[in-house]
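Written out below as structure tokens is the structure these notes cover.
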Amino acid sequence: MTANWKKATAALILALALAQPAAAEESWRADFEATCSKTDQAMTMSVKELRDLLAKCEALQKVIEVQEDSLRKVYLKRLALCRNLYAYMLEYKQNDAK
């Protein structure tokens, strides 16, 4: 192999390694947006839908907790607000059904 070929291969490997975390970060952010974008619909959701969203909130919390400090603080706070609304609506609907 030539020196240029080795450099190009090394650069490609480095680029792929750096792209992996970026793709993972975008994945959880997309999940976050999809989950928390439904707060305005919470009153019309079924008990099952609310439970599903709460489960997604729990999963997102685990992912967000390992992010860097400032990102973690902001997104955990925003997630808590979404989660609390969904939990309140779930409790309200379950009590209303009794």
Side-chain angles (χ1 to χ4, degrees):
M1 276 189 204
T2 65
N4 286 338
W5 179 255
K6 288 180 183 178
K7 287 180 184 178
T9 303
L12 180 61
I13 291 171
L14 178 61
L16 289 173
L18 293 174
Q20 291 270 341
E25 180 176 320
E26 291 303 316
S27 176
W28 76 259
R29 283 191 188 194
D31 288 344
F32 175 87
E33 293 302 328
T35 301
C36 288
S37 68
K38 299 177 182 177
T39 55
D40 61 336
Q41 304 163 17
M43 290 182 67
T44 61
M45 290 181 179
S46 69
V47 169
K48 182 187 180 327
E49 290 172 313
L50 290 167
R51 284 188 182 137
D52 291 345
L53 285 170
L54 285 169
K56 288 181 183 180
C57 287
E58 295 299 321
L60 279 168
Q61 182 175 349
K62 292 174 184 170
V63 173
I64 295 171
E65 285 175 343
V66 298
Q67 302 302 314
E68 63 96 8
D69 195 40
S70 62
L71 193 69
R72 181 177 66 243
K73 287 180 183 178
V74 170
Y75 279 91
L76 282 178
K77 179 64 174 177
R78 289 179 62 194
L79 184 66
L81 294 171
C82 295
R83 189 199 172 288
N84 290 345
L85 176 64
Y86 295 143
Y88 173 78
M89 287 308 304
L90 177 61
E91 182 180 338
Y92 174 79
K93 287 184 180 257
Q94 288 175 333
N95 288 338
D96 194 37
K98 290 180 182 178

Do [X] and [Y] come within less than 4.5 Å of each other through their side chains, counting heavy atoms only?
X: E49; Y: K38; value: no
X: V63; Y: F32; value: no
X: K62; Y: E58; value: no
X: Y75; Y: R78; value: yes
X: R51; Y: Y86; value: no
X: T35; Y: C82; value: no

Between R72 (side chain) and I64 (backbone), is there a donor-acceptor pair under 3.5 Å?
-> no
From D31 atom CG to C36 atom SG, the distance as rounded to the nearest 0.5 Å | 10.5 Å
Report the C-alpha separation of E68 and K73 in whole Å, then their side-chain angles, then the decisive distance to 0.1 Å, and conclude whether the salt bridge (charged side-chain N to carboxylate O under 4.0 Å, His left out) test is met.
-> CA-CA 9 Å; E68 63 96 8; K73 287 180 183 178; over 6 Å; no
Please report the shortest heavy-atom distance between R29 and L71, naming the atom on each side.
->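 Minimum heavy-atom contact is NH2-CD1, 3.0 Å.
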Same cluster or not: are W28 and L76 linked, directly or through other Ile, Leu, Val, Met, Phe, Trp or Tyr residues, by side-chain heavy atoms under 4.5 angstrom apart?
-> yes
Can you name the side chain to side chain contact (heavy atoms under 4.5 Å, CB included) partners of D52, sequence neighbours left out?
->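 Only K48 meet the side chain to side chain contact (heavy atoms under 4.5 Å, CB included) criterion with D52.
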Sequence neighbours excluded and cut-off under 3.5 Å, please list the side-chain donor-acceptor pairs for residues 87-95, or say none.
from, atom 1, to, atom 2, distance (Å)
K93, NZ, M43, O, 2.9
K93, NZ, M45, O, 2.8
N95, ND2, E91, O, 3.4

